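Notes to accompany the following structure.
Small disclaimer: the values here were computed from a predicted structure and weren't measured.
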Amino acid sequence: MRIAMGVEYDGAAFHGWQIQKGVDTVQASVERALSSVADHRVVVQCAGRTDAGVHGLGQVIHFDTESVRSSRNWVLGTNVNLPPDVNVNWAREVPADFHARFSAVRRSYRYVCLLYT
């Protein structure tokens, strides 16, 4: 079955979304937490990647699993295994052809630049 989730995170402590060798990333944290809940290795796909230090709000991800959990248990079980700066807001089963990146109908970005003098 395919599960979609909504994720948000404070990216200040991470080297971006995508897994990279030897550094903390949001994807690595999410995959570790989900793998613990699913009792098998989970690989997630996301709607879009972020760079180091960038925050995410409403980021959609999906993954495939044979593990059966309620939406509530996916959320609670994942959150208890995530660092405090990453959070899953919702989870739901989706059709097998759903893809977090390619099924998106809209994306929104907000850039905030702080100037120091």
Could you pull out the closest heavy-atom pair between [X] and [Y], with the gap in Å?
X: V94; Y: A4; result: CG1-CB, 3.6 Å
X: R2; Y: D97; result: NH1-C, 4.4 Å
X: V44; Y: Q27; result: O-NE2, 3.5 Å
X: A13; Y: D85; result: CB-OD2, 3.8 Å
X: A38; Y: S67; result: O-OG, 2.6 Å

Report the C-alpha separation of V23 and T25 in whole Å, then their side-chain angles, then the decisive distance to 0.1 Å, and conclude whether the side chain to side chain contact (heavy atoms under 4.5 Å, CB included) test is met. CA-CA 6 Å; V23 296; T25 66; 4.2 Å; yes
Give a yes or no on whether L82 and V42 share a hydrophobic cluster (residues Ile, Leu, Val, Met, Phe, Trp, Tyr; joining criterion: side-chain heavy atoms under 4.5 Å apart).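 Yes; tracing contacts between hydrophobic side chains, which count when under 4.5 Å, links both residues.
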Are V68 and I3 co-members of a hydrophobic cluster defined by side-chain heavy atoms under 4.5 Å apart? yes
Say whether [X] and [Y], considering side chains only, have a donor N or O and an acceptor N or O under 3.5 Å apart.
X: Y9; Y: T50; result: yes
X: N81; Y: N79; result: no
X: H40; Y: S35; result: no

Measuring from [X]:[atom1] to [Y]:[atom2], what's the distance to the nearest 0.5 Å?
X: T78; Y: N73; atom1: OG1; atom2: CG; result: 9.5 Å
X: Q20; Y: H15; atom1: CD; atom2: NE2; result: 7.5 Å
X: E93; Y: T65; atom1: CD; atom2: OG1; result: 10.5 Å
X: C46; Y: I61; atom1: SG; atom2: CD1; result: 8.5 Å

Would you say [X]'s side chain and [Y]'s backbone share a donor-acceptor pair under 3.5 angstrom?
X: S71; Y: A91; value: yes
X: Q45; Y: H99; value: no
X: R49; Y: W17; value: no

Within a strict 4.5 Å, meaning less than it, do heavy atoms of the [X] and [Y] side chains meet?
X: V86; Y: F14; result: yes
X: V30; Y: R32; result: no
X: M5; Y: W74; result: yes
X: E31; Y: I19; result: yes
X: M1; Y: D64; result: no

Stepwise, does the side chain to side chain contact (heavy atoms under 4.5 Å, CB included) test hold for F63 with L34? CA-CA 9 Å; F63 63 94; L34 282 170; 3.8 Å; yes
Side chain to side chain contact (heavy atoms under 4.5 Å, CB included) between V26 and H55, intermediate numbers included: CA-CA 10 Å; V26 180; H55 313 310; over 6 Å; no
Whether R92 engages the ring of W90 as a cation-pi pair (distance to the six-membered ring centre under 6.0 angstrom, angle to the ring normal within 45°) should be assessed. yes
